[in-house]
2 protein chains.
Amino acid sequence: MDKHTTREAGRPPGMTDVARVAGVSAQTVSRALAGHPNVQEKTRAKVLAAVEQLGYRKNNAARVLSSGRSRTIGVVTLQTSFYSRTALTHGIERAAQEAGYAVSTATTASLDTSAIEAAMLRLADQHVEGMILAVPLIHVSRQIEQLTGAVPTVTIDGSRTSATEVVAVDQSLAARLATRHLLDLGHETVWHVSGPRAWLDASSRSQGWRAVLEAEGRVVPPELEGDWSPESGYRNGLILGRIPDVTAVFVASDEMAFGVIRALHELGRRVPEDISVVGVDDIALAEYCSPSLTTVAQPFAEMGALAVGHLMRHMADPGAALEPASVEPSLVVRASTAPARRA
Amino acid sequence: MDKHTTREAGRPPGMTDVARVAGVSAQTVSRALAGHPNVQEKTRAKVLAAVEQLGYRKNNAARVLSSGRSRTIGVVTLQTSFYSRTALTHGIERAAQEAGYAVSTATTASLDTSAIEAAMLRLADQHVEGMILAVPLIHVSRQIEQLTGAVPTVTIDGSRTSATEVVAVDQSLAARLATRHLLDLGHETVWHVSGPRAWLDASSRSQGWRAVLEAEGRVVPPELEGDWSPESGYRNGLILGRIPDVTAVFVASDEMAFGVIRALHELGRRVPEDISVVGVDDIALAEYCSPSLTTVAQPFAEMGALAVGHLMRHMADPGAALEPASVEPSLVVRASTAPARRA
DNA sequence: TGCCCAGATGATAGCGCTCCCACCTGCTGG
DNA sequence: CCAGCAGGTGGGAGCGCTATCATCTGGGCA
């Protein structure tokens with residue numbers, strides 16, 4: 001039993017073990033497993049057989065240390081249970097897996113610059129080859145500039161540093177679809193419950209809504225601000241329900257829309273007979289509440305795939321600037337909207 | 001410019017750089033940074049100053065390769081957008097962070113044994129020190145037995161291998177709370193829309209429901225099976241709504257409950273006047289739909305923390321068997337349940 | 001006074017892999 | 001007929017860190 005030919009039990013087999021069994025050098029094993037072209041088919045087969053026989057598994061840490069490449073991308077998201085986060089992450093995971101990359105997620109409890117920096121640093125420490133920032137960049141610090149300069153990064157809410165690439169859903173279009181739908185139903189004007197202003201999606205939706213009203217020469221009512229939670233929708237709904245003029249509301253997310261509708265019910269305003277409501281996201285439950293919710297569907301899965309694709313291209317050639325990509329939302333008409341009743 | 005004293009620009013500073021600047025050995029730097037006790041306070045301060053000055057960041061890959069320890073735990077979850085997944089992951093992330101561990105997530109698209117194996121192998125490749133399986137183990141393969149033997153593992157739905165530790169919410173209690181609540185309201189019996197039978201939570205809830213009915217000498221109606229989706233709730237609701245006897249339904253998840261209520265509405269059965277409905281989970285929207293949903297709240301965050309705590313203990317001493325831990329759900333009474341009307 | 005031990009530090013040897021370069025075939029073409 | 005070249009392979013040198021052992025100091029105690 002020479003320790004150079006037999007490893008102690010308990011230690012997983014390494015590349016040299018595979019090499020010995022296959023009767024080649026460790027170097028050739030490495031090449032065969034990496035899919036390098038200059039390896040004879042016969043040799044590769046021998047290597048694969050040895051791998052199979054020994055139950056060899058690559059040692060990722062060693063690979064990363066040696067090559068600097070990790071085959072991993074990082075995603076920064078907000079630590080919440082909102083549907084949008086889950087759906088998007090889901091989309092990214094799928095797409096990354098297809099591209100042969102692993103996904104490492106770093107969540108941040110707040111949108112503070114320092115919290116986002118910390119999340120990005122955590123990912124950097126894991127040697128991710130690229131990052132997707134799925135949180136709004138409120139303030140771009142020197143540190144963030146530096147990080148996005150060093151690691152190819154894609155932001156998905158439209159905010160960006162000088163070095164990031166951008167992927168976004170056309171949120172302005174989402175708002176315009178919703179607003180125009182309500183005007184088409186004959187409503188005089190449309191009220192709006194927005195998301196937090198720090199979020200670019202929220203302000204894009206707000207702008208789109210305002211643009212349509214102005215283009216049509218309608219009165220632009222004051223905007224109410226929520227925080228994406230059902231509870232904030234409820235609070236704003238209690239306000240809207242007390243204003244007799246309100247007949248149509250565009251709410252910046254389905255979860256808030258549920259809260260708005262709930263509040264209107266409690267105040268005796270019927271949906272859609274008295275007030276029409278449109279949400280955004282098309283969460284799974286939108287169809288199953290009463291009344292079922294008219295909403296603007298967000299192509300989250302598609303967006304995840306787009307972000308990953310964009311990131312891959314950016315990683316392949318960090319020099320070339322890619323043009324911002326964007327996908328289009330679509331209106332889903334259900335029962336929470338109805339024609340305005342004429343006075 | 002000797003290359004031994006000055007590194008090429010562009011390469012991040014390493015421990016030897018820090019050591020040189022601090023005027024100590026690399027070894028001492030390692031100890032100081034690891035919080036090793038046998039380091040003079042003065043020395044530690046010098047090291048920290050040098051770290052600060054150079055912007056040194058540890059190289060994780062090297063640390064893992066060298067020590068075998070990664071300070072990371074892995075979580076296997078199903079690739080869905082269900083609330084429960086997000087909420088639980090969230091809880092685990094928090095708890096792990098507090099324990100000084102990073103979390104790596106591997107999602108699986110299906111519950112096939114091979115898919116779960118693949119997810120676990122991915123985590124093993126990342127040198128996780130422990131795993132939390134947040135998916136039901138339908139069939140425990142040799143491979144899974146082996147993996148759970150090699151890496152400390154906690155399962156959180158009650159299924160287990162010979163080597164795993166178990167953490168669970170008492171799902172039977174959840175069902176009993178819901179069922180008894182409905183009986184207390186005067187209903188003759190309670191119908192049940194369950195989750196997929198492969199999920200232990202689903203069958204535990206089913207058992208709890210059945211146990212209460214039998215203990216009270218009530219008729220046990222046939223069970224309807226859903227797949228956790230709102231749509232499956234809707235389908236089953238269309239069936240239940242056509243059965244005149246039905247006055248109370250216990251649905252195994254809130255999302256399905258939304259579907260059930262929706263279907264009952266469409267069939268002209270009012271909730272709660274004609275039929276009372278109870279869900280499980282207490283999702284954020286449960287309170288804001290109409291009628292607001294009576295449900296059994298699951299302590300997801302607590303469960304995540306419990307799972308992490310359990311795992312830490314298991315990792316510290318893989319030999320000692322820990323007794324299964326469990327947390328208790330609680331009933332939240334809202335508007336979807338009402339006293340039975342007497343014939 | 002001398003010895004031992006504990007605390008503080010340094011030197012050296014890998015961890016398992018990939019990179020770079022050298023090597024060896026067997027073939028083409030002047 | 002042999003230089004020259006390309007495809008296939010092997011041999012070393014690290015990647016940046018930690019484990020292990022060795023070294024060196026300064027007490028406390030007989």
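Just so we're on the same page: letters track the sequence lines, and every chain starts at 1.
Pairs passing the salt bridge (Lys or Arg N to Asp or Glu O under 4.0 Å) check and including a residue from residues 89-101 of chain A, sequence neighbours excluded, read Glu93(A)-Arg85(B). For the salt bridge (Lys or Arg N to Asp or Glu O under 4.0 Å) condition, the pairs that include at least one residue of residues 123-151 of chain A, sequence neighbours left out, are Asp125(A)-Arg57(B), Asp125(A)-Lys58(B). Listed by first and then second residue, the side chain to side chain donor-acceptor pair (under 3.5 Å) pairs involving residues 21-39 of chain B are Ser25(B)-Thr28(B) (not counting sequence neighbours). Judged as a side chain to side chain donor-acceptor pair (under 3.5 Å), the pairs with a partner in residues 111-124 of chain B (not counting sequence neighbours) are, in order, Ser110(B)-Asp112(B), Glu117(B)-Ser141(B).
For the contact set between residues 45-68 of chain A and DNA chain D, defined by any heavy atom under 4.0 Å, the members are Leu65(A), Ser66(A).
Rounded to whole angstrom, the span from the NE2 atom of His127(B) across to the P atom of dC17(D) amounts to 17 Å. Rounding to whole angstrom units, CG of residue Asp125(A) and P of dG16(D) are separated by 14 Å. When rounded to the nearest whole Å, the span between CG of Leu33(A) and P of dG16(C) equals 16 Å.
Annotation: salt bridge (Lys or Arg N to Asp or Glu O under 4.0 Å) contacts of Arg160(A) (sequence neighbours excluded): none. A search for side-chain contact (heavy atoms from CB on, under 4.5 Å) contacts involving His310(B) returns Val154(B), Glu165(B), Val167(B), Arg313(B), Leu322(B), Ala325(B), not counting sequence neighbours. Taking Glu52(B) as the reference, nothing meets the salt bridge (Lys or Arg N to Asp or Glu O under 4.0 Å) condition, with sequence neighbours excluded.
The side chain of Arg69(B) contributes an N or O atom lying less than 4.0 Å from OP1 or OP2 of dA19(D).
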Report, as a single string ordered 5' to 3', how protein heavy atoms within less than 4.0 Å touch nucleotides 4-13 of chain C: B base, S sugar-phosphate only, - not at all. ----SBBB--
Walk me through whether Thr107(B) and His90(A) qualify under side chain to side chain contact (heavy atoms under 4.5 Å, CB included). CA-CA 9 Å; Thr107(B) 58; His90(A) 188 158; over 6 Å; no
